[in-house]
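Inspection log for the structure reproduced underneath, given as structure tokens.
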Amino acid sequence: MANYELTSSADLATVQAGLGFAKARLQGKVQPPNRALQRRLASGSAFTDEGTIVPVGYRSYPSVSAEGTLNPLFHYRAGHSPLVLGAGFPQYQFVKQTGVSYGATKSSNSLNVAISTDGADVYFGIRGLSSLGVCAKVDGDYVSLTPLSVAANDGAIHYFKATLTGGKMQDVEIIGNATCYFAGIWAPETAAVEAFPPKGPKVVWMGDSGIEPGGAFSIAQCFADAMGWDNVMGSGVGTTGVLNAGSYTKFRDRVASDIPIDADLVIISNTVNDSASLAAPLVAEWRLLIAAVRARAPQAEIWMTSPWSNRGGGYFVVQNYLNNDACRALAAELGLLYTDWLEQP
């Protein structure tokens, strides 16, 4: 791998809370705590919506310059290159992050952006939109597991205040869902503000509607929290599958747009959307898909998973089990890790 080495015999294993979060060990530079779903809460911190009044006595760090250039201070995680939404908004104020090539329409967009500061507080500017949900993390721990929302679809900047310890550098990250448009931060004039690069490998999880949602409670984000990583992006599009294009395109046809060339790990899930496919053509397409991923990101490790459903095992048809057996055999043949949530021992 380019920067990280993942064990080939990772501890996979447990399906928790019906979402199937894999556990694994990371060798080399990072040894993440195995917290699974036991998300810790940050002590001495708070995250509140302070309304639309510009903070007084604070220096602004806009996400985008007046010329439309992205501010290099901000490191965006869990998605591809941020989109500058300058044409329709004043002063090129907003950035929207995309998770998949269907970023304009699919809800797999998220906004994960982080900075480091020694200030006693920092304000994140978010455009007011209905259905907005945003959480904050301080030094890797959630301030609250209840996302803040802005009911007003007013287009104004709402200032979300992260209250910190102050006097020492702390890492602060916000995690927003698909409607989260980021304007920048406001920090005390005397506070140091630095970039906070991602930690852990760059991971893409390719799947169907199960991977599509963004935000703090998406499967991709929960998996990232379980692993102790913070750069896991979802490439999830509902109705699609490995062989079934559904209403959009099959998985292989979005490899070039959704998988960065420097990805360290690509997770690909079987899906109930391929229920009508027989095992032989499905396995043949899997071979082509794996080859396409390897051509796109040669250093990336590839993991495969079985399909799953939040409706329980009774939702699957016989063909799903036959396809799962065939894909598990393919993974064994190719030496790939296969997580089976459909037929657990």
Side-chain angles (χ1 to χ4, degrees), residues 2-4 29-33 40-48 50 54-84 91-97 110-126 134-143 157 159-176 180-203 216 221 224-225 227-233 260 262 264:
N3 301 310
Y4 300 90
K29 296 182 179 179
V30 178
Q31 290 290 343
R40 295 194 298 253
L41 296 182
S43 60
S45 300
F47 190 56
T48 54
E50 299 297 315
V54 179
V56 177
Y58 287 74
R59 179 182 175 186
S60 65
Y61 298 80
S63 58
V64 186
S65 70
E67 295 73 33
T69 303
L70 289 168
N71 189 337
L73 175 68
F74 301 110
H75 279 270
Y76 297 89
R77 294 105 149 89
H80 294 289
S81 299
L83 298 179
V84 177
Q91 301 176 2
Y92 293 90
Q93 287 177 326
F94 300 107
V95 166
K96 178 181 180 180
Q97 194 172 1
S110 284
L111 178 82
N112 293 47
V113 60
I115 53 94
S116 294
T117 181
D118 62 358
D121 50 31
V122 62
Y123 290 81
F124 288 83
I126 305 293
V134 58
C135 289
K137 296 173 78 174
V138 176
D139 290 335
D141 293 328
Y142 282 85
V143 176
I157 296 178
Y159 298 92
F160 288 77
K161 180 181 180 181
T163 302
L164 310 171
T165 303
K168 63 177 182 179
M169 296 300 292
Q170 291 184 276
D171 301 327
V172 188
E173 178 182 3
I174 59 168
I175 301 169
C180 194
Y181 294 177
F182 177 58
I185 66 165
W186 282 253
E189 289 283 358
T190 58
V193 179
E194 299 176 357
F196 172 27
K199 60 181 183 292
K202 180 177 286 189
V203 182
Q221 184 62 47
D225 290 339
M227 301 294 285
W229 302 339
D230 66 2
N231 199 18
V232 179
M233 62 191 77
D262 59 347
D264 294 302

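Side chains included, hydrogens not; waters and symmetry mates left out as well; all remaining heavy atoms used. For clarity, every value in this text was computed on a predicted model and none was experimentally measured.
- A pairwise comparison of heavy atoms in Pro82 and Val95 identifies CB-CG1, 3.2 Å as the closest pair.
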With side-chain contact (heavy atoms from CB on, under 4.5 Å) as the test, would you mind laying out the steps for Gln170 and Thr165 before giving the verdict?
CA-CA 8 Å; Gln170 291 184 276; Thr165 303; 3.5 Å; yes
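- A salt bridge is defined here as a Lys NZ or Arg NE, NH1 or NH2 lying under 4.0 Å from an Asp or Glu carboxylate O, and Asp225 with Lys137 meets this definition.
- Under a 4.0 Å N-O distance rule, the pair Lys168/Asp118 does not qualify as a salt bridge.
- Two residues are said to be in side-chain contact when any heavy atoms from C-beta on lie closer than 4.5 Å; Val84 and Thr69 fail this criterion.
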Please lay out, stage by stage, how Phe94 and Cys180 fare under the test side-chain contact (heavy atoms from CB on, under 4.5 Å).
CA-CA 9 Å; Phe94 300 107; Cys180 194; over 6 Å; no
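- Applying the side-chain hydrogen bond (donor to acceptor under 3.5 Å, both in side chains) rule to Ser45 yields no partners; only residues at least two apart in sequence or on another chain are considered.
- Partners of Pro260 by side-chain contact (heavy atoms from CB on, under 4.5 Å), not counting sequence neighbours, listed by chain and number: His80, Lys202, Val204, Met233, Asp262, Ala263.
- The ring pair (Phe, Tyr, Trp, His ring centres under 6.0 Å) test applied to Phe124 returns no partner, not counting sequence neighbours.
- In this structure Asp121 satisfies the side-chain hydrogen bond (donor to acceptor under 3.5 Å, both in side chains) test together with Tyr58, sequence neighbours excluded.
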Let me see the working for Ile126 and Tyr159 under side-chain contact (heavy atoms from CB on, under 4.5 Å), right down to the final yes or no.
CA-CA 6 Å; Ile126 305 293; Tyr159 298 92; over 6 Å; no
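- The CH2 atom of Trp229 sits 12.5 Å away from atom NZ of Lys199, with the distance rounded to the nearest 0.5 Å.
- Partners of Asn71 by side-chain hydrogen bond (donor to acceptor under 3.5 Å, both in side chains), not counting sequence neighbours: none found.
- Shortest non-hydrogen contact noted between Val232 and Ala224 is CG2-CB, 3.6 Å.
- The CG atom of Leu111 sits 10.0 Å away from atom CD1 of Ile175, with the distance rounded to the nearest 0.5 Å.
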May I have the list of side-chain donor-acceptor pairs in residues 183-195 shorter than 3.5 Å, sequence neighbours left out?
none

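- Atoms CG and NE2, from Asn112 and His75 in turn, are 14.0 Å apart once rounded to the nearest 0.5 Å.
- With sequence neighbours left out, Ser60 forms a side-chain hydrogen bond (donor to acceptor under 3.5 Å, both in side chains) with no residue at all.
- Under the rule for a ring pair (Phe, Tyr, Trp, His ring centres under 6.0 Å), the partners of Phe160 that lie at least two apart in sequence or sit in another chain are Phe47.
- Here the OG1-CE distance, from Thr117 to Met169, works out to 6.0 Å after rounding to the nearest 0.5 Å.
- Inter-residue side-chain proximity for Leu41 and Val143 is flagged as unmet; no heavy-atom pair is nearer than 4.5 Å.
- Annotation: ring pair (Phe, Tyr, Trp, His ring centres under 6.0 Å) contacts of Phe74 (sequence neighbours excluded): Phe182.
- With Ser116 as the partner, the side-chain contact (heavy atoms from CB on, under 4.5 Å) test is satisfied by one option alone out of Asp171, Val122, Asp139, Leu73: Asp171.
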Tyr61 and Arg59: CA distance, side-chain angles, deciding distance, side-chain contact (heavy atoms from CB on, under 4.5 Å) verdict:
CA-CA 7 Å; Tyr61 298 80; Arg59 179 182 175 186; 3.5 Å; yes
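- Here Arg77 contributes atom CZ and Asn231 contributes atom CG; the two are 7.0 Å apart, rounded to the nearest 0.5 Å.
- Interatomic distance, Tyr142 OH to Cys135 SG, rounded to the nearest 0.5 Å: 6.5 Å.
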